[in-house]
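Report on one structure; see the data block that follows.
All residue numbers in this chain count up from 1 along the given sequence.
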Amino acid sequence: MSATRKLWTGLAVLLAASFAVLLWVGNEIHRQMPPLPSAVITSEGETVFTRADIERGRQVWQSIGGHQLGSIWGHGSYVAPDWTADWLHREAEAWLDLRTQAVSGQRWSELEPALQAAEQARLQPLIRANTYDAERDVVVIDPQRAQAIATVADHYVRLFGNDPDFVDLRRAYAMKNGTVADPERAQALTAFIWWSAWAAVTERPGKTITYTANWPHEPLVGNTPPPHLLLWTVFSVLFLLAGVGLLGWYYATQREEHPDKLPASDPLAAIVVTPSMKATQKYFWVVIALFLTQILLGALTAHYQVEGHDFYGIALSEILPYSLTRSWHTQLAILWIATAWLGMGLYIGPAISGHEPKFQRLGVNVLFVCLLIIVVGAFAGQWFAVMQKLGLEHNFWFGHQGWEYVDIGRFWQWFLFIGLGLWLFLVGRTLVPAIRRGGEHKSITLLLFLSTVCIGLFYGAGLMYGEHTHLSMVEYWRWWVVHLWVEGFFEVFATAVIAFLFAKLGLVRAGTATAAVLFATIVFMAGGVLGTLHHLYFTGTPTAVIALGASFSALEVVPLAFIGFEAYHTFKLSRATPWMERYKWPILFFVAVAFWNLVGAGLFGFLINPPLPLYFMQGLNLTPLHGHTALFGVYGFLGIGLMLFCLRGMKPHVQWNEGALKTAFWALNIGLIGMALMTLLPMGIIQLVAAIEHGYWYARSEHLMQQPIIQLLVWLRVPGDVIFSVGAVALGWFVLRLWVAPRKAPLPVKDALPAEH
């Protein structure tokens, strides 16, 4: 069996085993997830909530932006509180007040510390007790607890409504007045938030940990890190060290093979740009438009953290509230990056096979129109939803689903899935002839085709849940999309494309490139598939999720530890022969990808991924530190690099504006570094200390987030954001000038002989 066939066999076995375990975990989550009772009643028989209340409350929560306005179980945005932790703390304090006032006439906060501790110790077994009656399908609570619930519910109804006494608090949370103006809907919302807090404090049957593994950290009710979090954190570090050692041994034993003689001229220059390839140019125009719009919305979203309702005194939140601008900002990040990659796929297919199928250009144009309709339609639906102008009965399908990164209405989700199917068909029909033809590039082309299939199909995981599917199962399937689709198969697709380009350029042997890309895919997927579970530690899942997630997410970091080799190798290739100067900037963007893979995905990712650190850090600003540097630093730069490769082929005779590209490259990198180091990292550390010392609720509360030091750190984003924006505008100017008043490149001079290699 050849080495390439062994790698293919290893990859197939690995994926089959990994997905079998991932599906088994999904079954275990479904079997052990927190119950959703038919009713919550007092021991005296009074109904507090019904399942219909809880489900309707979740509909209300989703319609106002869901994850984009605070978070639930630690997942969501970062200005408003985590509603689970906030409710839990308020309910515990309200119950303690009722208990102490009944005995001594004093509020709990007014007692001596020793008496406070005594009352707290008496409360913990009561609030943590699992009183779910499976036979009757009800949760039975103490009447005094029902009073505490009513107190907190009143606070929430007034907060989400228009009560003038809560204007300052709403401003601190960047919530518009009248977020849920209908009192009945606001009351239903409290039922859903209470249930999420109940699951976070209620112990599993026969266990001493809650349904959310004692998350959030709340000493008041006895929510502290369970011992197994430390155990699996230690194991994750051991897995990381072992993986790094094995990969280091592999690199040390491999000998790089390069062609004996590099081409004297650019092999890609001979590729004929077909009508369908030329039609992809509009995709890259849209990439720039979406990218610039995303930055504008990001600036507005960040500014709401300072003024809450206003943008430099303008009451902009009345028409563009924070939850909406953040929805569009996060979705545009996915959309412009995905559009760059989709355009690249449509461009590279005919370039690989030399085959232009019938009606291919029509298909490219139809898909483009579909993408525009999806963006406009989905974003319009979300505006109507968040502004509460769309009924709850229509919200799930046409409004705002409320789940971060998969927020768009189900109708638009289906539309996008069908669009991806069309993209798969269009790319596939150009690649299949090249696969059938065989040759030295067959394996890379086959891997490219298979990753295209996975990109087209795995988005469908977001369609596996319905409007009333249990929250734990929604999170399970949502992370299939966010982690596997975005971070997994797009990565494989990009790796295969880059390997093919370098092989086609004659810089590496096709066999060497094939082995390298297959090995890289195996290493990445070894941790990547089951590494999905590190997002699910505290979402009502069993402890098996923590064990598997901790172990395999550590392996995700292993290939990133050696990313410097890739950066050096890529840079060396860019200087291998004089004509490679034409690809200087695409390759430099690939070098940036390698850097941010190590820093953003590797260092900042492993900072928060092990169970014990994530117990305290989930939903703090250390999470967007990883998110921004990994999403844009890796996938954004990769999308730009791939786009530039396509533009070089489309506009071979246009002189590139080197100054604009240089400005774009350095400004984007420096701006991203400034945002990370001047704001997100220090703010996240301050929150982390607060979460450890006082509880998670405090780290997300207005008490901490409105302190002068936090406000200063928010303003310190401005320099980095401005520099970053300059880079984006420079990139947009570069693309614009390729079509508007372009300068023709000087007549090519015969390339110098290739350097000895």
Side-chain angles (χ1 to χ4, degrees), residues 57-58 60-62 64-94 149 151-161 163 165-177 179-180 186 189-201 212 215-221 223 301 304-306 308-309 317 321-323 326 402 404 471 538-539 615-624 683-684 686-707 710-711 714:
R58 195 177 95 176
V60 174
W61 171 76
Q62 290 177 249
I64 63 175
H67 279 159
Q68 307 296 353
L69 186 65
S71 54
I72 291 287
W73 286 351
H75 293 294
S77 58
Y78 314 104
V79 177
D82 179 88
W83 302 114
T84 302
D86 185 71
W87 181 290
L88 180 57
H89 185 79
R90 291 180 185 277
E91 182 185 335
E93 286 195 326
I149 291 171
T151 299
V152 183
D154 178 67
H155 168 87
Y156 272 68
V157 170
R158 296 167 68 192
L159 171 66
F160 281 86
D163 193 313
D165 293 339
F166 283 73
V167 169
D168 289 340
L169 189 56
R170 281 194 288 272
R171 184 175 290 112
Y173 293 164
M175 293 172 58
K176 78 181 187 73
N177 295 318
T179 298
V180 184
L189 175 62
T190 66
F192 168 65
I193 296 175
W194 174 83
W195 175 83
S196 76
W198 174 83
V201 76
T212 58
W215 189 93
H217 181 228
E218 179 54 85
L220 197 60
V221 297
N223 265 12
T301 302
Y304 276 142
Q305 194 166 350
V306 178
H309 290 165
S317 65
Y322 172 89
S323 61
R326 191 179 188 276
E404 192 173 27
L471 183 60
F538 312 118
T539 55
Y615 177 84
F616 294 104
M617 296 181 191
Q618 180 163 282
L620 305 185
N621 274 278
L622 293 171
T623 305
M683 191 185 297
I686 291 172
Q687 286 184 295
L688 174 60
V689 173
I692 294 171
E693 290 184 352
H694 303 290
Y696 184 82
W697 73 274
Y698 181 76
R700 293 284 303 275
S701 71
E702 74 281 5
H703 305 293
L704 177 68
M705 298 306 291
Q706 293 301 307
Q707 289 184 7
I710 297 294
Q711 295 300 297
V714 174

For this session: Please report the closest heavy-atom contact between W697 and A85, naming both atoms and the distance.
Result: CB-O, 3.8 Å
Problem set entry | Worked verdict on E218 versus Y698 for side chain to side chain contact (heavy atoms under 4.5 Å, CB included) | CA-CA 9 Å; E218 179 54 85; Y698 181 76; over 6 Å; no
Problem set entry | Pairwise distance OG(S196) to CH2(W87) - rounded to 0.5 angstrom | 9.0 Å
Problem set entry | H309 (side chain) donor-acceptor with M175 (main chain) under 3.5 angstrom | yes
For this session: Quick one: pull up NE2 in H89 and OH in Y696 and give me the separation to the nearest 0.5 Å.
Result: 14.5 Å
For this session: Check for a donor-acceptor pair, side chain of S71 on one end and backbone N or O of G76 on the other, with a separation under 3.5 Å.
Result: no
Seminar exercise, completed: Rounded to the nearest 0.5 Å, the CD atom of E702 sits from the CD atom of Q707 at a distance of 11.0 Å
Exercise. For the atom pair CD (Q62) and CD1 (I72), what is the distance rounded to the nearest 0.5 Å?
Worked result: 10.5 Å
Problem set entry | Closest approach of N223 to H217 (non-hydrogen atoms, all atoms of both residues) | O-CD2, 3.3 Å
For this session: List the steps, then state whether side chain to side chain contact (heavy atoms under 4.5 Å, CB included) holds for L704 with Q687.
Result: CA-CA 8 Å; L704 177 68; Q687 286 184 295; 4.0 Å; yes
For this session: Would you please name every residue forming a side-chain contact (heavy atoms from CB on, under 4.5 Å) with Q711, sequence neighbours left out?
Result: V306, Q706
Exercise. Any side-chain heavy atom of Y304 sitting closer than 4.5 Å to one from V79?
Worked result: no
Exercise. Side chain of S323, backbone of Q68: donor and acceptor closer than 3.5 Å?
Worked result: no
For this session: Over all heavy atoms of both residues, which pair between F160 and L69 is shortest? Give the atoms and the distance, please.
Result: CE2-CD2, 4.4 Å
Problem set entry | side chain to side chain donor-acceptor pair (under 3.5 Å) partners of W194, counting only residues at least two apart | E91
Seminar exercise, completed: Between R170 and G161 the two heavy atoms that sit nearest each other are NH1-O, 3.3 Å
Seminar exercise, completed: What one should report as the nearest heavy-atom pair of M617 and L622 is SD-CD1, 3.7 Å
For this session: Show your working on side chain to side chain contact (heavy atoms under 4.5 Å, CB included) between Y78 and L620 and close with a plain yes or no.
Result: CA-CA 7 Å; Y78 314 104; L620 305 185; over 6 Å; no
For this session: May I have the step-by-step check of side chain to side chain contact (heavy atoms under 4.5 Å, CB included) for T539 and L471, ending in yes or no?
Result: CA-CA 8 Å; T539 55; L471 183 60; over 6 Å; no
For this session: May I ask you to decide if the ring planes of W215 and F538 are parallel, tilted or perpendicular, using 30° and 60° as cut-offs?
Result: parallel
For this session: Measure the shortest side-chain to side-chain distance between P81 and Y173 over non-hydrogen atoms and say whether it is less than 4.5 angstrom.
Result: yes
Problem set entry | From OH (Y156) to CD1 (I193), nearest 0.5 Å | 5.5 Å
For this session: Please confirm whether the backbone N or O of G70 pairs with a side-chain atom of S77, one donor and one acceptor, at under 3.5 Å?
Result: yes
Problem set entry | Partner set under salt bridge (Lys or Arg N to Asp or Glu O under 4.0 Å) for E404, not counting sequence neighbours | R326
Exercise. Backbone N or O of A174 within a donor-acceptor pair of the Q305 side chain at under 3.5 Å?
Worked result: no
Exercise. If every non-hydrogen atom of M683 is compared with every non-hydrogen atom of I710, which pair is closest and at what distance?
Worked result: CG-CD1, 3.9 Å
Problem set entry | Rounded distance (nearest 0.5 Å) linking atom CE of M705 with atom CG of N621 | 5.5 Å
